[in-house]
Trainee: 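First, the structure itself, so that you have it in front of you.
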Amino acid sequence: MTNLIEISGVSKRFGGVIANSQISLNVPEGGITGLIGPNGSGKTTLFNSVVGYHPIDEGSITFEGQEISRMRVPQIARLGLLRTFQQTRIYGKMNCMDNMMISVPQRRMPLARMFSKFPAEVIDRAEAILEFVGLYQKRMLPAGSLSFGQQKLLEFAMALINEPKVLLLDEPTAGINPTLINGLIDRLRRANEDFGITLFVIEHNMRVIMNLADNIYCLAHGEMLAHGTPEEIQNDQRVVDAYLGAH
């Protein structure tokens with residue numbers, strides 16, 4: 001299986017604090033890779049380094065064999081590598097459709113039509129994706145009027161319209177009403193299986209990640225603690241101790 005993302009010996013420091021120390025992991029094409037660990041273990045820092053927010057101090061990050069650790073965020077995004085955030089980044093005063101339109105990559109918006117009206121095929125695709133995430137009926141409502149869980153679904157839709165090759169999801173179920181979680185899990189699976197999007201997921205909800213991921217990495221104190229299948233991770237005493245010690 002081809003690895004889309006390869007992280008080798010990555011370290012990141014903030015002053016005297018070592019957030020990531022010699023992290024190595026792979027994200028296989030077509031799969032769902034999980035990243036878990038107690039609060040403060042360096043998961044989000046690693047995500048930020050992958051997409052260009054935090055240049056690394058040591059190591060290498062490649063995407064489809066190309067070194068990206070010195071690239072800027074827009075360059076990496078154009079390669080097809082996107083992420084969502086723990087706290088949603090939507091445009092609250094704009095309606096859902098306008099949020100989708102502003103997220104359409106420029107290659108899909110010929111300049112001749114960008115300043116008049118959106119091409120019908122772009123509108124159709126945006127509406128189809130909003131239908132996919134369950135927000136079609138709310139497409140003309142201000143995004144800020146949605147519940148937090150629905151805002152996360154909108155952010156997910158905004159990422160999907162960019163047609164990413166890999167989508168990094170930072171705690172997609174955090175703050176979501178439990179009744180919405182199963183629906184979100186189903187949509188993540190369908191995005192992976194039907195749209196062919198490789199997923200790399202940080203998640204604290206162990207039930208979710210164990211049911212979703214093909215393979216899981218566990219960080220603790222900025223270092224790699226364990227890697228394996230969901231079953232192997234569940235039965236790894238080091239992982240159990242790391243989580244119990246975090247409470």
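Heads up: numbering here begins at 1 and tracks the sequence. Reckoned from all heavy atoms, side chains included, excluding hydrogens, waters and symmetry mates.
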Trainee: Any salt bridge between R83 and E155, counting N to O under 4.0 Å?
Mentor: no
Trainee: Counting the benzene-type ring for Trp, do F132 and F195 have ring centres under 6.0 Å apart?
Mentor: yes
Trainee: Under the ring pair (Phe, Tyr, Trp, His ring centres under 6.0 Å) rule, what pairs show up with a residue in residues 56-84, not counting sequence neighbours?
Mentor: none
Trainee: Taking side chain as C-beta onward, heavy atoms only, is T62 less than 4.5 Å from I68?
Mentor: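 Heavy-atom side-chain distance check fails, nothing below 4.5 Å.
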Trainee: Could you label the plane-to-plane angle of the F14 and H54 rings as parallel, tilted or perpendicular, counting under 30° as parallel and over 60° as perpendicular?
Mentor: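 Geometry flag for H54 against F14: perpendicular rings.
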Trainee: Out of L199, L212, L82, I202, which one pairs with L169 under the side-chain contact (heavy atoms from CB on, under 4.5 Å) rule?
Mentor: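 Checked L199, L212, L82, I202 against L169; only one passes side-chain contact (heavy atoms from CB on, under 4.5 Å): L199.
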Trainee: Scan side-chain atoms only and decide if Q137 and E131 contain a donor-acceptor pair under the 3.5 Å cut-off.
Mentor: no
Trainee: Please report the closest heavy-atom contact between R238 and L225, naming both atoms and the distance.
Mentor: NH1-O, 3.0 Å
Trainee: As an exercise, state the distance from SG of C96 to CG of L153, rounded to the nearest 0.5 Å.
Mentor: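 If I round to the nearest 0.5 Å, the distance is 10.0 Å.
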Trainee: State, to 0.1 Å, how close P164 and A159 come at their nearest heavy-atom pair, and which atoms those are.
Mentor: CD-O, 3.2 Å
Trainee: How about Y53 and F47: are their ring centres within less than 6.0 Å of each other?
Mentor: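 Here the rings of F47 and Y53 have centres that are no less than 6.0 Å from each other.
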Trainee: Using only atom types and a distance under 3.5 Å, with no angle test, would you say the side chain of N3 pairs donor to acceptor with the backbone of E6?
Mentor: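 Side chain of N3 to backbone of E6, a donor-acceptor pair under 3.5 Å: no, none is there.
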Trainee: Are I18 and I7 grouped together when hydrophobic residues (ILVMFWY) are joined by side-chain heavy atoms under 4.5 angstrom apart?
Mentor: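 No, no single cluster joins them.
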Trainee: If every non-hydrogen atom of I209 is compared with every non-hydrogen atom of V201, which pair is closest and at what distance?
Mentor: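 Residues I209 and V201, closest heavy atoms: CD1-O, 4.0 Å.
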Trainee: Nearest 0.5 Å, please: how far is NE2 in H227 from CG in L219?
Mentor: 11.5 Å
Trainee: With no hydrogens and no angle check, is any side-chain donor or acceptor of T229 less than 3.5 Å from a backbone partner on N215?
Mentor: no
Trainee: What I want to check is whether the side chains of N20 and S11 have a donor and an acceptor closer together than 3.5 Å.
Mentor: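 There is no such pair between these side chains.
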Trainee: Tell me whether E171 is salt-bridged to K43, with the criterion being a basic N under 4.0 Å from an acidic carboxylate O.
Mentor: no
Trainee: May I have all residue pairs that pass salt bridge (Lys or Arg N to Asp or Glu O under 4.0 Å) and include part of residues 17-29, sequence neighbours excluded?
Mentor: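 Salt bridge (Lys or Arg N to Asp or Glu O under 4.0 Å) check on residues 17-29 returns no pairs.
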Trainee: Any luck finding a side-chain donor-acceptor pair between E67 and S69 under 3.5 Å?
Mentor: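 A donor-acceptor contact under 3.5 Å links the two side chains.
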Trainee: Name all residues meeting the ring-ring contact (aromatic ring centres under 6.0 Å, His included) criterion together with Y136; count only those two or more places apart in sequence or in a different chain, and write none if there are none.
Mentor: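 Per chain and number, Y136 pairs via ring-ring contact (aromatic ring centres under 6.0 Å, His included) with no residue.
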Trainee: So, the side chain of N192 versus the backbone of I197: is there a donor-acceptor pair under 3.5 Å, distance only?
Mentor: yes
Trainee: Distance from Q151 atom CD to M158 atom CE, nearest 0.5 Å?
Mentor: 10.5 Å
Trainee: Only one of H204, E203, R207 clears side-chain hydrogen bond (donor to acceptor under 3.5 Å, both in side chains) with T173; which?
Mentor: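 Passing option: E203.
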Trainee: Do Y91 and D98 come within less than 4.5 Å of each other through their side chains, counting heavy atoms only?
Mentor: no
Trainee: Find out whether L81 and I5 are in side-chain contact, i.e. whether some heavy atom of one side chain is under 4.5 Å from a heavy atom of the other.
Mentor: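 Yes, at least one pair of side-chain atoms sits under 4.5 Å.
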Trainee: Could you pull out the closest heavy-atom pair between G34 and A213, with the gap in Å?
Mentor: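 For G34 and A213, the tightest heavy-atom pair comes out as N-CB, 3.8 Å.
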Trainee: CG/D186 to CD/E193 distance, rounded to the nearest 0.5 angstrom?
Mentor: 9.0 Å
Trainee: Could you walk me through whether E58 and K12 satisfy the salt bridge (Lys or Arg N to Asp or Glu O under 4.0 Å) test, starting with their C-alpha distance in whole Å, then the side-chain angles of each, then the deciding distance to 0.1 Å, before giving a yes or no?
Mentor: CA-CA 7 Å; E58 298 173 11; K12 177 62 185 177; over 6 Å; no
Trainee: Within the side chain of T198, is there an N or O that forms a donor-acceptor pair under 3.5 Å with the backbone of G30?
Mentor: yes
Trainee: With a 4.5 Å cut-off on side-chain heavy atoms, are I185 and V208 touching?
Mentor: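 Counting from C-beta outward, V208 and I185 do come under 4.5 Å.
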Trainee: Taking all non-hydrogen atoms of both residues into account, name the closest pair between L46 and L25 and its distance.
Mentor: CD2-CD2, 3.8 Å
Trainee: Hey, what do you get for CE (M224) to OG (S41), rounding to the nearest 0.5 Å?
Mentor: 10.0 Å
Trainee: Just so I know, are the side chains of L188 and L184 near enough to count as touching, which here means a heavy-atom distance under 4.5 Å?
Mentor: yes
Trainee: Looking only at non-hydrogen atoms, find the nearest pair between S103 and N162 and report the distance.
Mentor: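 Result for this residue pair: O-ND2, 2.9 Å.
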Trainee: Got a sec, which residues hit side-chain contact (heavy atoms from CB on, under 4.5 Å) with P142, two or more places apart in sequence or on another chain?
Mentor: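 With sequence neighbours excluded, P142 shows a side-chain contact (heavy atoms from CB on, under 4.5 Å) to S145, given in chain and number order.
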Trainee: For the CD atom of Q66 and the CE atom of M71, what is their distance to the nearest 0.5 Å?
Mentor: 3.5 Å
Trainee: My understanding is that only residues two or more places apart in sequence, or in another chain, count here; which of them pass side-chain hydrogen bond (donor to acceptor under 3.5 Å, both in side chains) with S21?
Mentor: none
Trainee: Determine which pairs satisfy salt bridge (Lys or Arg N to Asp or Glu O under 4.0 Å) with at least one residue from residues 216-230, sequence neighbours left out, and list them in order.
Mentor: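 Sorted pair list comes back empty.
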